Amino acid sequence: MGVTHKIFCAGFGGQGVMSMGQLFSYAGLLAGKEVTWCPSYGPEMRGGEANCSVNISDDLIGSPVIKQDATVAVLMNVAAFKKFENQVKPGGSLYLNSSLIHEKPSRTDINVYYVPVNDIAAEMGNTKLANMIMLGAVNKIEKIVDDELLLEAFTKVFGEKKANLIPINREAIAKGAASVG
Amino acid sequence: MAKILLKGNEAVVRAAIEAGCRYFFGYPITPQNEIPEYFSKELPKVGGTFVQAESEVAAINMLYGAVAAGARAMTSSSSPGVALKQEGIGYISKAELPAVIVNMMRGGPGLGSIQPSQSDYNMCVKCGSNGDYRNIVMAPGNIQELVDMVIEAFDMADYYTNPVVILADGLIGQMMEPVEIKQPEVKREMPEKTWALTGKNGGEPHRIINLNLDANELEQVNIELFKKYAVIEENEQRYEEYKMDDAEYAFVSYGTASRIVRSAVNELRNEGYKVGMIRPLLLWPFPEKAFEGKDHIKKYMDVEFSMGQMVDDVKLACNDKHKVEFYGRAGGVIPSVNEVVDFAKKVMGGAQ
């Protein structure tokens, strides 16, 4: 059996949570992996909350659902942190948007990374880049796909018209990677 | 064609258009709203027509009309909406017309929830309208299968002049997976639609009739229908066997539930349990052939997102009701792999 990444992303609408998951999924597809992307929908999304579950695997994916067995959880706001800390399996990794989340998790059986993505994005002059910075941080540590594939995925997810934004997003991924190591 | 990432609901539309479907009639309901939304955008581009009907009942009867005229057409909905369509589905079945109906199931009964469920097995597989009739029911377990099944559903419907139901769930509708939109490798030879209501073209008048006041005449209609159903039962039993070669215990599961079971089988195999899975690809006809020559299987473990609607069929197929155990979650709750593993261990005891 090969490696399976189970990535759970949560935050509020507008933080780019769903597109983070889609970028990982498409990049996984471009890398020749099996992938699934499942969004939250319906009442879970009322009140502006959003989350998605991504599987990227060398093998056929069985359950696409993540239920306390994420290898990686990315939590972008306090509400997500309070609700989803237990989504990570023991030994897995938790990435927190430390610009908004000032608490520390109670668990000691997981790796925790604090990434101040809103602050880094503000320094870059564009708050919309926060999710790409997080993507860069996660991918640096987890080595899920080649960074270039995330950028190739960018136009697949957002359309060819957004290709002009690739340089700034490449920079955002690099800044995110630098922030964790 | 390279694989693209598609949401299940969008994949239904792409597949249907690829299959030549040019008419869609529907009424919105979560979790399948992307189907009508995407159809409304795509059908005009290929010269087709999208109609948002005033109700599910209207939509199914518009479909009845379109397929009676010989068109490739479909409708889609989710559980309570499909319940409303039952009358029309019965009429289309009686009239022997080729319709495709997609059901992205959600929790029930009643208006229920909007989360993924499999609790319409009885309604769709056992048929929820009045009278003796059968619908072909396909149960995709991933988005590629959904695409392939939708494309084939139109051929099957035309071939057997019978409704075909795609029975999936909200998760399949909402999830994205890589897919390739492609025609089936083996194409059926399609009968000409000599019965279609095509207007006054100087030929013989065609009639599509639902009422037979003469009991003997109507009985004959039933007998002819069941001759057709017998052919379908013989030809169209389909299933996947997963790790069944040396299995002593077998899960039985379909659709999204079967994916959780697949992960559970892998975990149990790692621990040394000789366990596999029979996965029906079509629910009607139920793949009884999958259970033949398997007297050595000690227990069948049926796992569904329901309170156990497929259990009866598994009991009949394995011909030993004492061998069938069930685990399910209802109302839109999805079981975890661990839950399924724990259930299996209780059934199998220390057997490894």
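Sequence lines set the chain letters: A, B, ... in the order given, protein chains first and strands last, and positions in each chain run from 1. All values derive from a computational prediction rather than experimental measurement.
- Heavy-atom neighbours of A/K140 NZ from other residues, nucleotides or ligands within 6.0 Å: at or below the threshold of 12.
- With a threshold of 4.5 angstrom between heavy atoms, B/P116 approaches chain A through its backbone and through its side chain.
- Proximity to chain B involves both the backbone and the side chain of A/I61, based on heavy atoms less than 4.5 angstrom apart.
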Begin with the C-alpha distance, continue with both residues' side-chain angles, and end with the deciding distance and a verdict on side chain to side chain contact (heavy atoms under 4.5 Å, CB included) for A/T36 and B/M176. CA-CA 6 Å; A/T36 61; B/M176 282 179 131; over 6 Å; no
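- Residue B/Y27 places its OH atom among 12 or fewer non-hydrogen atoms of other residues, nucleotides or ligands, all under 6.0 Å distant.
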message: Go through it in stages, so that I can follow the logic: the residues are B/L171 and A/C38, the test is side chain to side chain contact (heavy atoms under 4.5 Å, CB included), and I'd like the CA-CA distance, side-chain angles, deciding distance and then a yes or no.
response: CA-CA 7 Å; B/L171 194 63; A/C38 297; 4.1 Å; yes
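- If you tally non-hydrogen atom pairs under 4.5 Å between each of A/C52, A/G62, A/S53 and chain B, the highest count goes to A/G62.
- Both the backbone and the side chain of A/V35 come within contact range of chain B, with heavy atoms under 4.5 Å apart.
- Distance CG/B/N142 to CG/A/L60: 7.0 Å, rounded to 0.5 Å.
- Comparing B/I334, B/V340, B/V337 by heavy-atom pairs within less than 4.5 Å of chain A, the highest count is held by B/I334.
- By the 6.0 Å contact criterion, CG on B/D245 is open, its count of non-hydrogen atoms from other residues, nucleotides or ligands being 12 or less.
- In this structure, the side chain of B/S263 engages the main chain of A/S63 through a donor-acceptor pair within 3.5 Å.
- Heavy-atom proximity under 4.5 angstrom to chain B picks out nothing from residues 171-181 of chain A.
- For B/R259, the parts sitting under 4.5 Å from any heavy atom of chain A are the backbone and the side chain alike.
- Listed here is the closest heavy atom pair of B/Q174 and A/W37: O-CZ3, 4.1 Å.
- For NZ of B/K182, the number of neighbouring non-hydrogen atoms (other residues, nucleotides, ligands) closer than 6.0 Å is greater than 12.
- In this structure, the side chain of A/K156 does not engage the main chain of B/I4 through any donor-acceptor pair within 3.5 Å.
- Residue B/E267: no heavy atom, backbone or side chain, is found under 4.5 Å from chain A.
- Contact annotation: the side chain of A/K67 never approaches that of B/N338 to less than 4.5 Å [non-hydrogen atoms, C-beta and beyond].
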